[in-house]
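This report concerns only the one structure given below.
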Protein chains: 2
Amino acid sequence: MKDEPEQDRCSCSIVHEGPVASARAAEAPVSRLLDLAELFKVLGDPSRLRILNALGAAELCVCDLSVALDMSQSAVSHQLAVLRGARLVRARRDGKSMFYALDDDHVREIVGIATTHLDERKG
Amino acid sequence: MKDEPEQDRCSCSIVHEGPVASARAAEAPVSRLLDLAELFKVLGDPSRLRILNALGAAELCVCDLSVALDMSQSAVSHQLAVLRGARLVRARRDGKSMFYALDDDHVREIVGIATTHLDERKG
DNA sequence: TGAACATATGAACAAATGATCATATGTAAT
DNA sequence: ATTACATATGATCATTTGTTCATATGTTCA
């Protein structure tokens with residue numbers, strides 16, 4: 001993602017003007033792509049996926065997650081902050097504990113489809 | 001994702017045994033999580049999303065993409081290699097050109113749901 | 001108020017990542 | 001074969017990322 005003048009990016013002659021025009025027309029807004037990439041980036045980490053997976057089964061506090069996933073409290077907390085930033089989980093305080101839960105069902109859907117993709121592609 | 005003995009990961013007493021047990025039971029296989037994370041990681045980059053988006057509109061060769069997205073040929077090629085590795089795009093040679101296309105429709109679905117998520121969460 | 005517990009956060013550091021540059025591979029036409 | 005074009009790939013480097021350690025914030029109870 002650099003911002004340079006549009007020229008000699010490629011030494012070739014544009015072989016297929018139609019498709020290129022289509023591609024340009026279909027170009028999504030930059031802000032939208034950045035948001036999407038950010039969301040996927042958040043999903044693109046095993047530790048965070050484990051947390052999401054665990055929260056898919058039950059609402060859990062930081063300590064629970066730490067124990068269940070065998071991660072340090074600090075690591076869990078840091079990752080929960082990231083997940084919270086992406087609106088993937090929501091927090092609720094109850095006394096000294098902070099309970100986390102999936103914020104909506106989109107996560108399940110996305111993970112479900114991604115899993116299907118993996119199943120079909122690999123084995 | 002560290003591999004350490006399961007002990008004193010957290011100084012707290014396990015407040016909620018039931019949920020923790022559920023979480024443990026629901027724990028997905030590590031290999032599966034790694035694959036999933038890898039897939040999302042690939043989707044978690046604006047340049048690659050732009051490429052996928054463009055390919056969603058039409059089959060394009062490297063040069064087309066380079067021009068349409070104003071990226072260097074090298075950058076496009078590198079990212080296409082990553083996308084190919086994740087089985088998200090497929091390549092077809094025609095003469096000197098290599099044509100790329102989305103490998104299946106899961107990408108569209110995933111991006112669609114993610115977009116919905118963004119729409120509902122942000123504005 | 002003070003002690004103990006639960007969570008959050010900042011600094012630091014190793015590892016991973018994405019772009020660029022230079023160059024190699026592959027294809028077609030002369 | 002040689003030249004030109006299209007794409008792939010290796011090396012390098014600045015940036016980002018995830019974990020750990022240390023410490024701060026917040027809550028409950030004595």
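Sequence lines set the chain letters: A, B, ... in the order given, protein chains first and strands last, and positions in each chain run from 1.
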- Please report the C-alpha distance between A:Leu83 and A:Tyr100 in whole Å, then the side-chain angles of each, then the deciding distance to 0.1 Å, and finally whether the side chain to side chain contact (heavy atoms under 4.5 Å, CB included) criterion is met. CA-CA 10 Å; A:Leu83 292 170; A:Tyr100 283 85; over 6 Å; no
- Does the side chain to side chain contact (heavy atoms under 4.5 Å, CB included) test come out yes or no for A:His117 and B:Arg87, once each step is laid out? CA-CA 9 Å; A:His117 173 85; B:Arg87 310 273 196 155; 4.3 Å; yes
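The backbone N or O of A:Val62 sits nowhere less than 3.5 Å from a side-chain atom of A:Ser66 that would complete a donor-acceptor pair.
In this entry the distance linking CG of B:Leu80 with C1' of D:dT9 reads 13 Å, nearest Å. If you measure from atom CZ of A:Arg93 to atom C1' of C:dA6, you get 8 Å, rounded to the nearest angstrom. Following rounding to the nearest Å, B:Asp64 (CG) and D:dA6 (C1') show an atom-to-atom distance of 11 Å. Regarding A:His16, its NE2 atom lies at a distance of 10 Å from the P atom of D:dA6, rounded to whole Å. Here the C1' atom of nucleotide C:dT17 and the CZ atom of A:Phe40 are 19 Å apart, to the nearest Å. Between the P atom of D:dT7 and the CG atom of B:Leu83 lies a distance of 16 Å, rounded to the nearest Å. Atom CD1 of B:Ile51 and atom P of D:dA8 are 11 Å apart (whole Å). Distance A:Arg92 CZ to C:dT7 P: 12 Å, rounded to the nearest Å.
In this structure, A:Phe99 reaches neither bases nor backbone, as no heavy-atom distance under 4.0 Å exists between it and the strands shown. Across all strands, A:Ser77 comes closer than 4.0 Å to base atoms (heavy-atom distances).
D:dT19 has no stacking from A:His78 on its base ring, since the centres under 5.5 angstrom apart and planes within 30 degrees of parallel are not both found.
Comparing D:dA22, C:dT17, C:dT20 by their closest approach to the side chain of B:Lys41 singles out C:dT17. Of the listed nucleotides (C:dT7, D:dA22, D:dA8), D:dA22 has the atom at the smallest distance from the side chain of A:Ser74.
A continuous path of ILVMFWY side-chain contacts below 4.5 Å connects A:Ile110 to B:Leu52, so both sit in one hydrophobic cluster.
Applying the 4.0 Å criterion to OP1 and OP2 of C:dC5, one finds that A:Gln73 has every side-chain N and O outside that range. Under 4.0 angstrom from either OP1 or OP2 of C:dT20 there lies at least one side-chain N or O belonging to B:Ser72. The phosphate of D:dT19 (OP1 or OP2) has a side-chain N or O of A:Ser47 nearer than 4.0 angstrom. For B:Tyr100 and D:dA6, the shortest distance from a side-chain N or O to OP1 or OP2 is not below 4.0 Å. Side-chain N/O atoms of A:Arg48 include one lying less than 4.0 angstrom from OP1 or OP2 on D:dG18.
Residue order along DNA chain D, read from the 5' end via each residue's closest nucleotide, puts A:Gln79 first among A:Gln79 and A:Lys96. Closest-nucleotide positions on DNA chain D for B:Ala75 and A:Gly95 were compared, and the one nearer the 5' end corresponds to B:Ala75.
The pair A:Arg92-A:Glu59 meets the salt-bridge criterion, since a charged nitrogen lies less than 4.0 angstrom from a carboxylate oxygen.
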